[in-house]
Amino acid sequence: MMIREVITAILLILGFIFLVFSALGVMRLPDFYTRLHSSGIGETLGIVLIGLGLIIYEGFNILSAKILLIMVSIFLVNPVGTHLIGKAAMESGHRPWEEEHNDASISD
């Protein structure tokens with residue numbers, strides 16, 4: 001196995017892990033804003049790592065240039081879209097989740 005294939009495998013696995021954790025965050029986190037944060041960060045990093053792995057595996061040619069163009073556009077557009085969705089939710093009155101405190105559990 002060549003070193004290029006090992007680096008590719010590592011990047012693809014890391015990208016997959018970030019995408020899986022992003023999906024788990026969307027399913028498990030308590031409110032809209034934390035889910036949006038998990039989705040935005042995890043998907044962006046996961047897709048960029050997978051794209052880097054594919055570029056390293058393919059070498060430099062027209063296909064890797066296309067993958068790089070897709071990665072750069074996702075890297076720029078995904079955080080902006082996440083921010084705009086969060087801003088629209090805030091302006092529409094969607095409140096962040098607040099943990100409920102039980103007064104009986106607080107001791108003086």
Side-chain angles (χ1 to χ4, degrees):
M1 191 179 248
M2 295 177 58
I3 189 72
R4 181 169 49 169
E5 293 172 350
V6 171
I7 294 172
T8 299
I10 290 170
L11 289 172
L12 290 176
I13 290 169
L14 284 174
F16 177 73
I17 289 171
F18 273 99
L19 289 174
V20 167
F21 281 137
S22 174
L24 288 174
V26 169
M27 292 188 317
R28 298 289 300 168
L29 290 172
D31 77 329
F32 175 76
Y33 296 109
T34 55
R35 291 175 184 165
L36 187 65
H37 178 75
S38 170
S39 169
I41 299 294
E43 287 177 5
T44 302
L45 190 56
I47 291 172
V48 167
L49 287 173
I50 288 173
L52 284 175
L54 293 175
I55 288 173
I56 289 173
Y57 182 74
E58 190 62 36
F60 188 72
N61 57 18
I62 191 69
L63 181 62
S64 62
K66 291 177 184 179
I67 294 171
L68 182 64
L69 183 63
I70 291 169
M71 277 180 16
V72 168
S73 64
I74 287 174
F75 188 75
L76 295 174
V77 171
N78 199 8
V80 173
T82 303
H83 174 74
L84 290 176
I85 291 170
K87 186 177 178 180
M90 186 67 79
E91 288 178 359
S92 69
H94 196 284
R95 294 176 36 134
W97 175 75
E98 295 177 7
E99 186 175 359
E100 296 176 11
H101 295 286
N102 188 357
D103 291 336
S105 67
I106 300 174
S107 60
D108 292 337

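When side chains are defined from C-beta on, Ile50 does not count as touching Leu14, because their heavy atoms never get closer than 4.5 Å. Counting heavy atoms from C-beta outward, Leu36 and Ile85 have side chains that approach closer than 4.5 Å.
Under the side chain to side chain donor-acceptor pair (under 3.5 Å) criterion, Glu58 pairs with Asn61, not counting sequence neighbours. Every residue two or more places apart in sequence or in another chain that forms a ring pair (Phe, Tyr, Trp, His ring centres under 6.0 Å) with Tyr33 is listed here: His94. By the salt bridge (Lys or Arg N to Asp or Glu O under 4.0 Å) test, Arg28 is found to be paired with no residue, residues two or more places apart in sequence or in another chain being considered.
Note on Leu63: it clusters hydrophobically with Leu49, by side-chain heavy-atom contacts below 4.5 Å among ILVMFWY residues. The hydrophobic clustering, which links ILVMFWY residues whose side-chain heavy atoms are closer than 4.5 Å, places Phe21 and Leu45 apart. With hydrophobic clusters built from ILVMFWY side chains whose heavy atoms lie under 4.5 angstrom apart, Ile10 does not share a cluster with Ile17. Residue Leu52 is grouped with residue Ile7 when hydrophobic side chains (ILVMFWY) are merged at heavy-atom distances under 4.5 angstrom, including chains of intermediate members. Note on Ile13 and Ile56: separate hydrophobic clusters, where clusters join Ile, Leu, Val, Met, Phe, Trp and Tyr whose side-chain heavy atoms are under 4.5 Å apart, directly or indirectly.
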Run the side-chain donor-acceptor check on residues 65-74: report pairs under 3.5 Å with partners two or more places apart or on a different chain.
unit_1, atom_1, unit_2, atom_2, d
Ser73, OG, Leu69, O, 3.3
Ser73, OG, Ile70, O, 2.8

Could you go through residues 37-44 and list every donor-acceptor pair under 3.5 Å that involves a side-chain atom there, pairing it with any protein atom two or more places apart or in another chain?
unit_1, atom_1, unit_2, atom_2, d
Ser38, OG, Ser22, O, 3.3
Ser39, OG, Glu43, OE2, 3.3
Thr44, OG1, Gly40, O, 2.7
Thr44, OG1, Asn78, ND2, 2.8

Should Asp31 and Thr34 be marked as a side chain to side chain contact (heavy atoms under 4.5 Å, CB included) after you check the CA-CA gap, both sets of side-chain angles, and the distance that decides it?
CA-CA 6 Å; Asp31 77 329; Thr34 55; 2.7 Å; yes
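Judged as a ring-ring contact (aromatic ring centres under 6.0 Å, His included), not a single pair has a partner in residues 57-79 (not counting sequence neighbours).
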